[in-house]
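We use all heavy atoms of the structure for the numbers below, so side chains are in, but hydrogens, waters and symmetry mates are not. These figures come from a predicted structure and were not determined experimentally.
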Amino acid sequence: MNDYSRIEVSVGNFKFSISEPWEFWLLCKEDLPGLVNPEKIEGVREYPDGDIDWEKMTAIISEIGRELQAGSSPIRIQDKSLDEKEQRFVTRWFLSGTSPYVDPGDLPNDGRHRLWKSWRAMPRAILPARSLMFSHIDPETSTSLPPYAKELLASDCVQAALPRAPLLKRAIERVDSSTEPRQWQEHEKPRVLEQVDRPQDQSDSESEPEANPDPETQTKKGFIDRMVKLLLTSGDRKGDRHNAL
């Protein structure tokens, strides 16, 4: 089994799988100095006290994260048992779309409540989280990094996180090469959002589109707009994902 397939995980007799494992990196409480108690900020209480054994869940999540970093496949956590509620909690932590999402150098897009309460229970825990930045790499289907993904991944904050994202490092090595990446074809370019909210202090003159932008500028704008769309659509949702926070 290679590094880019689903990773099978078992916790006692409970089994599940992790897809796109290269999107994960490991972070500690000090990586998010701006994270404060979201219940006080949002006025919403997720996971009422006594609903979850946070010390137990944090220890298991952290152990799975360490095994991910070590490149273990499959991952087996022995001598643990999970009830049905705990099984859902662990699965949703690693399921694409309901994982905590934290880009290096930024605050969480999803999972603020879970991260806060996990570190409240175990302040020194190392926890896995997905990154939207890392989702631009697909080592299963890509033959090269798309334009500007290379620039994004070369940023200081991402480079600082790479030692704690070994599966991402191997994914980059697989799709990157010494040759220049191929240019996006027209049908591959990210769809440009029709409207993007601007900072309130931005003047109308600054928001006017540039006349006759060159292809490189158009491609970069499309990539940035797709990142904005991903961030906008990855925020905390209620309904089906009410318990995912």
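The shortest distance between side-chain heavy atoms of Ser62 and Arg66 falls below 4.5 Å. Looking at Pro100 and Leu115, their side chains come closer than 4.5 Å, going by heavy atoms from C-beta outward. The shortest distance between side-chain heavy atoms of Phe134 and Asp103 does not fall below 4.5 Å. Side chains of Met133 and Pro104 form a contact here, defined as non-hydrogen atoms less than 4.5 Å apart. Between Arg76 and Gln78 the shortest side-chain heavy-atom distance falls below 4.5 Å. For the pair Leu82/Met57, a side-chain contact is recorded, criterion being any heavy-atom separation below 4.5 Å from C-beta on. At a threshold of 4.5 Å between non-hydrogen side-chain atoms, the residues Val90 and Val9 do not count as touching.
Between the side chain of Ser99 and the backbone N or O of Tyr101, no donor-acceptor pair lies under 3.5 Å. For the pair Trp93 (side chain) and Pro128 (backbone), a donor-acceptor distance under 3.5 Å is present.
Here Phe94 and Phe24 bring their ring centres to under 6.0 angstrom of each other.
Separating the OG atom in Ser118 from the CD1 atom in Ile61 is a distance of 7.5 Å, to the nearest 0.5 Å. Taken to the nearest 0.5 Å, the OG1 atom of Thr58 stands 8.5 Å off from the CG atom of Asp53. How far CD of Glu63 is from CG of Leu68: 11.5 Å, rounded to the nearest 0.5 Å. Taken from OG1 in Thr91 to CD1 in Ile18, the straight-line distance is 9.5 Å, to the nearest 0.5 Å. One finds the CD atom of Glu84 at 15.5 Å from the CZ atom of Phe89 (value rounded to the nearest 0.5 Å). Between atom CZ of residue Arg114 and atom CD1 of residue Ile52 there is a gap of 10.5 Å, rounded to the nearest 0.5 Å.
Connection of Ile126 to Ile60 is not established within any shared hydrophobic cluster, with ILVMFWY side chains joined at heavy-atom distances below 4.5 Å, either directly or through further cluster members. Note on Leu32 and Leu26: separate hydrophobic clusters, where clusters join Ile, Leu, Val, Met, Phe, Trp and Tyr whose side-chain heavy atoms are under 4.5 Å apart, directly or indirectly. Each of Ile64 and Met122 belongs to its own hydrophobic cluster when Ile, Leu, Val, Met, Phe, Trp and Tyr are linked at side-chain heavy-atom distances under 4.5 angstrom. Taken together through direct or relayed side-chain contacts under 4.5 Å among Ile, Leu, Val, Met, Phe, Trp and Tyr, Trp22 and Leu95 form parts of separate hydrophobic clusters.
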*Stepwise, does the side-chain contact (heavy atoms from CB on, under 4.5 Å) test hold for Lys56 with Glu86?*
CA-CA 10 Å; Lys56 175 182 178 180; Glu86 293 169 338; 3.1 Å; yes
_Verdict with reasoning, Trp25 to Leu167, per side-chain contact (heavy atoms from CB on, under 4.5 Å)_ = CA-CA 9 Å; Trp25 66 296; Leu167 295 182; over 6 Å; no
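In this structure, Asp156 places its CG atom where only 12 or fewer heavy-atom neighbours from other residues, nucleotides or ligands lie under 6.0 Å away. Crowding of Glu55 atom CD: a count of heavy atoms from other residues, nucleotides or ligands under 6.0 Å not exceeding 12.
Partners of Glu67 according to the side chain to side chain donor-acceptor pair (under 3.5 Å) rule, which considers only residues two or more places apart in sequence or in another chain, are Ser72. Residues meeting the salt bridge (Lys or Arg N to Asp or Glu O under 4.0 Å) test with Lys15, sequence neighbours left out: none.
Here salt bridge (Lys or Arg N to Asp or Glu O under 4.0 Å) pairs that include residues 22-33, with residues two or more places apart or in two chains, are Glu23-Arg130, Asp31-Arg164.
Paired with Leu132 under the rule side-chain contact (heavy atoms from CB on, under 4.5 Å), one option of Val102, Asp106, Asn109 passes, and it is Asn109.
For the pair Arg120 and Trp54, the cation does not sit on the ring face, since its NZ or CZ is not both under 6.0 Å from the ring centre and inside 45° of the axis.
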